[in-house]
Amino acid sequence: MSTARQLWRGAHLVTLQGQQGWGLMEDAALITEGDQIAWLGPQSALGQGGSAELLRDLHVECELGGALVTPGLIDCHTHLVYGGERSTEFEMRLQGARYEDIARAGGGIRSSVSATRAASETTLLEQARARALALMDEGLCTLEVKSGYGLSLEDEAKSLTVARQLAELGLTVRTTYLGAHALPPEFEGRQDDYVQAVCDWMPQLQQRGLVDAVDAFCEGIGFTPAQTQRVFEAARALGLPVKLHAEQLSDQGGTELACSFGALSCDHLEHLSPAGIAAMAASGTVAVMLPGAYYFLRDTHLPPIAALREAGVPMAVSTDHNPGTSPVLSLLLMLNMACTLFRLTPEEALRGMTVHAAQALGLGDRGRLQVGQRADLCIWDAQHPRELAYYFGRNPLRLSVLGGQPRQRLR
């Protein structure tokens with residue numbers, strides 16, 4: 001690990017320190033050492049106290065000219081590795097077909113499974129890499145990638161291996177095993193047998209270093225709470241944290257189940273009940289808001305944002321990038337949609353893609369600008385952080401810094 005020290009001066013820092021507020025620090029400076037933030041404070045304090053020693057062995061100095069600096073952005077819910085695309089289904093929905101009808105007719109996730117199984121690891125990596133680079137051009141520094149389009153031991157391993165390789169781009173990548181995403185055709189009529197297979201594959205994938213967390217799709221067209229519990233029990237036996245696709249299309253009570261296992265997050269939540277909200281508040285589970293899927297499916301049933309806010313449940317925001325219900329590759333658009341569709345404030349939306357997104361991945365070393373945190377930074381040509389959610393179709397990112405390493409936008 002490099003221990004090079006870099007000074008970033010002339011910045012307006014958005015620290016997000018504390019439980020609320022932007023934590024603005026104007027006319028400020030920040031020193032990174034290796035992959036961590038070593039010092040930050042007013043420019044007038046440079047050369048005093050702890051910064052004096054750091055400045056003696058400085059390698060790089062960068063004048064930002066009043067640019068806005070935020071923590072690096074975190075996409076905490078994606079399905080970035082898959083083959084094919086599903087624009088035909090998009091057209092079908094516009095003509096009146098329902099998501100559930102398409103799935104039951106063999107489309108939906110199953111069509112992506114077929115394309116993913118047919119694709120080579122090289123092809124999947126090439127496609128996933130292009131998607132990740134598009135997100136990085138809008139400030140992505142940490143990425144979660146779920147499996148779930150392989151649905152066999154070999155193809156789940158292939159997908160997770162590809163996801164791990166995306167770290168070569170400089171990103172932090174967290175992988176989530178989502179074997180319980182849909183029923184593959186070879187298990188038709190044998191859903192319980194497939195759940196057992198998902199549980200049996202889990203330790204093999206973990207032994208290969210491919211799994212950071214375990215997820216499931218608890219839904220009428222997915223898996224029952226009882227089947228989800230079996231998956232979670234297998235995860236707990238291996239010491240793996242769990243997450244859940246919960247209450248997207250109906251209230252299955254999956255959130256309460258997930259919270260009983262100390263879930264890192266429950267995601268979607270359009271049909272979340274008061275009991276589910278109470279369970280999340282008690283367990284500290286993060287509610288991951290996915291406005292891209294809500295928009296793309298033309299949903300009209302909003303997640304209970306006000307009730308989550310009142311209960312003090314932390315809310316993250318993510319792209320949910322996937323080929324069927326959220327083929328979006330814009331973090332900034334998700335900030336805007338979180339505000340316009342879900343009525344989050346711009347501050348809540350940004351915290352949702354930094355502080356709370358880190359929490360949803362179990363990462364305590366990022367999401368804020370403060371000493372000791374990972375040096376993941378976004379440098380924006382903007383006057384105020386609210387602008388990041390205000391504009392859409394405009395990208396003010398000047399530069400990102402991933403673990404202390406600067407990266408220019410590619411486009």
Side-chain angles (χ1 to χ4, degrees), residues 1-74 136-143 167-174 347 350-351 353-359 361-385 388 396-409:
M1 181 184 71
S2 170
T3 56
R5 290 174 183 164
Q6 302 180 70
L7 170 63
W8 309 84
R9 61 188 307 158
H12 294 327
L13 302 182
V14 184
T15 68
L16 298 177
Q17 294 182 19
Q19 297 303 306
Q20 58 185 4
W22 296 107
L24 289 174
M25 191 180 294
E26 298 186 357
D27 193 23
L30 182 147
I31 300 175
T32 61
E33 182 170 17
D35 63 358
Q36 291 192 343
I37 297 172
W39 182 91
L40 74 167
Q43 281 206 108
S44 59
L46 272 174
Q48 305 172 23
S51 69
E53 179 64 29
L54 294 169
L55 291 174
R56 289 196 185 102
D57 189 23
L58 199 64
H59 293 77
V60 179
E61 181 173 342
C62 185
E63 171 58 52
L64 297 179
L68 200 71
V69 180
T70 70
L73 301 187
I74 300 168
M136 291 175 75
D137 273 354
E138 291 196 359
L140 177 71
C141 294
T142 299
L143 174 68
E168 295 170 0
L169 297 173
L171 292 164
T172 298
V173 178
R174 304 293 284 181
E347 181 205 325
L350 185 59
R351 282 181 177 269
M353 209 170 274
T354 53
V355 178
H356 296 148
Q359 188 177 342
L361 296 179
L363 298 173
D365 65 344
R366 67 200 67 200
R368 292 183 170 91
L369 299 184
Q370 60 188 44
V371 173
Q373 288 270 289
R374 181 174 166 84
D376 285 348
L377 317 173
C378 287
I379 300 168
W380 311 91
D381 288 316
Q383 298 299 309
H384 193 280
L388 303 180
L397 183 71
R398 181 192 302 180
L399 181 76
S400 57
V401 179
L402 296 94
Q405 300 300 312
R407 176 188 182 273
Q408 297 283 348
R409 280 174 54 188

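These numbers come from a predicted model, not from an experiment.
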**Report entry** N/O donor-acceptor pair under 3.5 Å between Q43 side chain and R9 backbone
**Finding:** no
Query raised in the report: How long is the gap from CG on L54 to CD1 on I31, to the nearest 0.5 Å?
Result: 5.0 Å
Report task. Could you verify whether a donor N or O on one side chain and an acceptor N or O on the other, from R368 and Q373, lie under 3.5 Å apart? Result -> no
Query raised in the report: Between R366 and T142, what is the shortest heavy-atom contact and its length?
Result: NH1-OG1, 2.9 Å
Query - Verdict with supporting geometry, D365 and R374, salt bridge (Lys or Arg N to Asp or Glu O under 4.0 Å) - result: CA-CA 6 Å; D365 65 344; R374 181 174 166 84; 5.8 Å; no
**Report entry** Side-chain donor or acceptor of R407 paired with backbone N/O of L169 under 3.5 Å
**Finding:** no
Query - Over all atoms of both residues, closest heavy-atom pair of D57 and R5 - result: CB-NH1, 3.5 Å
Query raised in the report: For A38, does its backbone N or O pair with a side-chain atom of Q36 as donor and acceptor, under 3.5 Å?
Result: no
Requested in this report: Indicate the atoms forming the closest heavy-atom contact of G47 with L55, along with that distance.
Outcome: N-CD1, 3.5 Å
Requested in this report: Working to the nearest 0.5 Å, report the span between CG of L171 and CG of L143.
Outcome: 6.0 Å
**Report entry** Side-chain donor or acceptor of H12 paired with backbone N/O of E26 under 3.5 Å
**Finding:** no
Requested in this report: Assess whether atom CD of Q370 is packed by more than 12 heavy atoms of other residues, nucleotides or ligands within 6.0 Å.
Outcome: yes
Query - Of V14, L369, L40, the residue whose pairing with V69 passes side-chain contact (heavy atoms from CB on, under 4.5 Å) - result: L369
Query - I379 side, atom CD1; W8 side, atom CH2 - distance, nearest 0.5 Å - result: 4.5 Å
Query - Side chain proximity check, D27 to S44, heavy atoms < 4.5 angstrom - result: no
Query - Gap between atom CG of D35 and atom CG of D376 - 0.5 Å precision - result: 8.5 Å
**Report entry** Closest non-hydrogen atom pair, S51 against A45
**Finding:** OG-O, 3.4 Å
Query raised in the report: Between the side chain of E347 and the main-chain N/O of G21, is any donor-acceptor distance below 3.5 Å?
Result: yes
Query raised in the report: Passes side-chain contact (heavy atoms from CB on, under 4.5 Å), T172 versus L361? Steps please.
Result: CA-CA 11 Å; T172 298; L361 296 179; over 6 Å; no
Report task. Could you point out which residue of L397, T354, L140 forms a side-chain contact (heavy atoms from CB on, under 4.5 Å) with C378? Result -> L397
Query - Inter-residue atom distance W22.CH2 - L16.CG, 0.5 Å rounding - result: 7.5 Å
Query - Point-to-point distance, once rounded to the nearest 0.5 Å, from CD1 of I37 to OG1 of T32 - result: 8.0 Å
Report task. Please confirm whether the backbone N or O of P396 pairs with a side-chain atom of E138, one donor and one acceptor, at under 3.5 Å? Result -> no
Query raised in the report: Do M353 and I74 come close enough that some side-chain heavy atom pair is under 4.5 Å?
Result: no
Requested in this report: Apply side-chain contact (heavy atoms from CB on, under 4.5 Å) to the pair L350 and L73, showing each step before the final yes or no.
Outcome: CA-CA 8 Å; L350 185 59; L73 301 187; 4.0 Å; yes
Query raised in the report: If only atom types and distance count, is the side chain of T15 paired as donor or acceptor with the main-chain N or O of G23 below 3.5 Å?
Result: yes
Query raised in the report: What heavy-atom pair brings W39 and A29 nearest, and what distance separates the two atoms?
Result: CZ3-O, 3.7 Å
Query raised in the report: If every non-hydrogen atom of G170 is compared with every non-hydrogen atom of L402, which pair is closest and at what distance?
Result: O-CD2, 3.5 Å
